[in-house]
2 protein chains.
Amino acid sequence: MIKVGIVEDNVKIRDLIQKYLDMQDNLSCKAAMDSVEDMLEYMEKNDPPDVMLMDIQLPGMSGIEGISIIKEKYPEVEIIMLTVYHDSHKIFNSLMAGASGYLLKHTSLPEIKESIETLASGGAPMSPQIARKVIQHFSDKQQVKKPESNLTPREQDIVNGLVDGLSYKLIADRYDISIDTVRAHIRNIYKKLHVNSKAEVIAKSLKGEI
Amino acid sequence: MIKVGIVEDNVKIRDLIQKYLDMQDNLSCKAAMDSVEDMLEYMEKNDPPDVMLMDIQLPGMSGIEGISIIKEKYPEVEIIMLTVYHDSHKIFNSLMAGASGYLLKHTSLPEIKESIETLASGGAPMSPQIARKVIQHFSDKQQVKKPESNLTPREQDIVNGLVDGLSYKLIADRYDISIDTVRAHIRNIYKKLHVNSKAEVIAKSLKGEI
DNA sequence: GAACAAATCACATAATCATGTTAGATACAT
DNA sequence: ATGTATCTAACATGATTATGTGATTTGTTC
């Protein structure tokens with residue numbers, strides 16, 4: 001019987017996964033918390049789980065910090081990240097912190113179950129897209145073209161400016177165009193990405209969704 | 001229709017895989033050679049495959065050498081290693097040479113088929129044991145840089161709101177506090193992180209620097 | 001119980017952003 | 001040559017953000 005723990009702040013997702021896993025013959029899932037802090041408290045008083053599913057974006061401590069702390073105190077616990085983020089920073093930071101697997105949130109319940117079993121038998125579960133990012137890290141940074149960004153080269157420039165935290169004025173300076181042109185590009189970017197704030201563009205970009 | 005090629009010197013295995021794959025609706029497997037040299041000759045005269053299954057131990061040139069040569073000449077060909085070797089050197093050398101996947105030879109025919117499809121849709125097929133080795137390669141690295149931002153739990157909540165693309169007003173609603181309180185927290189966050197815009201906070205957060 | 005961090009709220013103002021409308025110059029494809 | 005896409009630019013206005021200066025409450029720590 002494999003003991004599974006969950007750290008996930010979305011109650012609906014957490015409950016769904018917990019119920020599904022606990023229903024399985026070979027799994028038991030009693031510990032489902034919404035923060036690393038709560039999980040640490042739980043593990044003080046109870047048997048630590050064998051495998052832990054962990055979100056990244058959490059109230060309080062982030063899931064990545066959580067990995068380090070949990071692995072330091074309970075090195076035998078295997079941690080699978082279960083998150084929407086597929087940007088390289090988060091992936092590599094997670095793996096370097098000691099995660100043993102990395103799944104995207106669209107992973108189905110049966111696949112999550114399989115992943116836990118894979119982990120228990122010495123493998124490392126990873127969503128194919130994640131594996132791809134990891135592998136790309138090895139291949140001589142041969143920049144493979146990103147999948148269809150829809151954005152024109154100039155629009156991509158503007159996005160890069162936003163990601164660097166620049167104001168419209170500074171972006172205009174960087175590319176030597178007028179601030180109104182920057183506005184115009186940003187309008188078009190918003191339309192293409194279906195967003196309406198700098199914040200969302202930056203988030204999408206850093207999550208690898210552009 | 002995905003065109004698949006095979007380089008494998010064991011005739012029985014090669015024929016088995018070829019027949020199985022060629023039988024599939026969405027795959028065609030015409031090129032099955034027993035050496036990289038033969039495959040290169042084939043590709044001179046015919047359309048190169050989209051995906052290639054490659055053994056390592058081969059007569060003549062090794063599969064790993066083969067990757068480099070094939071990728072240089074036909075960079076769009078995706079190569080999956082299919083081999084009995086699971087030692088780190090062979091794995092990493094293959095990936096560094098440009099392989100997009102790595103399967104062990106006990107992989108079943110349906111799994112091989114799935115792997116080809118995974119690859120075609122932008123993922124990277126890897127046997128779980130291989131994934132494990134690859135991941136271990138990361139955790140052996142240095143520790144994750146400690147984000148010493150030292151945000152309070154509430155401040156982290158606010159950051160999460162920003163990352164989700166919310167306005168001050170919506171963050172205030174989410175946590176049931178006044179918009180001026182949100183402002184106050186954000187002021188403090190900016191001071192701690194040495195930034196002065198939402199954009200920078202979001203970028204830092206998504207880059208794992210918080 | 002003084003000192004301090006954390007969380008809460010208010011008022012004010014300047015800067016920046018989001019969005020609507022309009023339009024000229026290239027370039028490329030049908 | 002006509003349409004479509006891209007890059008450029010201006011003007012305008014309401015919304016949102018950034019920043020300054022305060023203040024109260026609730027815990028914790030020394």
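All chains are named by letter (A, B, ...) in the order of the sequence lines, taking the proteins before the strands, and each is independently numbered beginning at 1.
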To the nearest angstrom, how far is [X] atom [atom1] from [N] atom [atom2]?
X: B:K198; N: C:dA18; atom1: NZ; atom2: C1'; value: 11 Å
X: A:N188; N: D:dC7; atom1: CG; atom2: C1'; value: 10 Å
X: A:I202; N: C:dA18; atom1: CD1; atom2: P; value: 9 Å
X: A:I158; N: D:dA9; atom1: CD1; atom2: C1'; value: 13 Å
X: B:I179; N: D:dT17; atom1: CD1; atom2: P; value: 7 Å
X: B:Q156; N: C:dA7; atom1: CD; atom2: P; value: 11 Å
X: A:I171; N: D:dA9; atom1: CD1; atom2: P; value: 14 Å
X: B:K191; N: D:dG20; atom1: NZ; atom2: P; value: 8 Å

In terms of heavy-atom contacts, does CD of B:E72 have more than 12 from other residues, nucleotides or ligands at under 6.0 Å? no
Distance criterion of 3.5 Å, no angle test: do you see the side chain of B:R187 paired donor-to-acceptor with the base of D:dT17? no
In degrees rounded to 10°, what angle is found between the helical axes fit to the five outermost pairs at each end of the helix from C:dG1-D:dC30 to C:dT30-D:dA1? 50°
Is A:S167 near enough to C:dT16 that one of its side-chain N or O atoms lies under 4.0 angstrom from OP1 or OP2? no
Looking at B:Y168, does any N or O in its side chain come under 4.0 Å of the phosphate oxygens OP1/OP2 on D:dA18? yes
Name the nucleic acid region contacted by A:N196, choosing base, sugar-phosphate or nothing; use a 4.0 angstrom heavy-atom cut-off, strictly under. sugar-phosphate
How is B:K169 classified with respect to the nucleic acid when contacts are heavy atoms under 4.0 Å: base, sugar-phosphate, or nothing? nothing
Check this for me, if you would: do A:D55 and A:R14 make a salt bridge, where the nitrogen-to-carboxylate-oxygen distance has to be below 4.0 angstrom? no
Any donor-acceptor pair under 3.5 Å linking the side chain of [X] with the backbone of [Y]?
X: B:E8; Y: B:D34; value: no
X: A:T118; Y: A:E114; value: yes
X: A:E111; Y: A:S108; value: yes
X: B:E155; Y: B:T152; value: yes

Which nucleotide in the set C:dA18, D:dA10, D:dT19 lies at the smallest distance from any side-chain heavy atom of A:S178? D:dA10
Counting side-chain heavy atoms from C-beta on, which of D:dT19, D:dA10, C:dA10 comes nearest to B:Y190? D:dT19
Scan nucleotides 3-6 of chain D against the protein and return all N/O pairs shorter than 3.5 Å with their distances rounded to 0.1 Å.
none

For the residue pair B:S197 / B:E200, report whether a side-chain donor-acceptor contact shorter than 3.5 Å exists. yes
For the residue pair [X] and [Y], establish whether any side-chain heavy-atom pair is separated by less than 4.5 Å.
X: B:E78; Y: B:D50; result: no
X: B:I80; Y: B:M54; result: no
X: B:L162; Y: B:S205; result: no

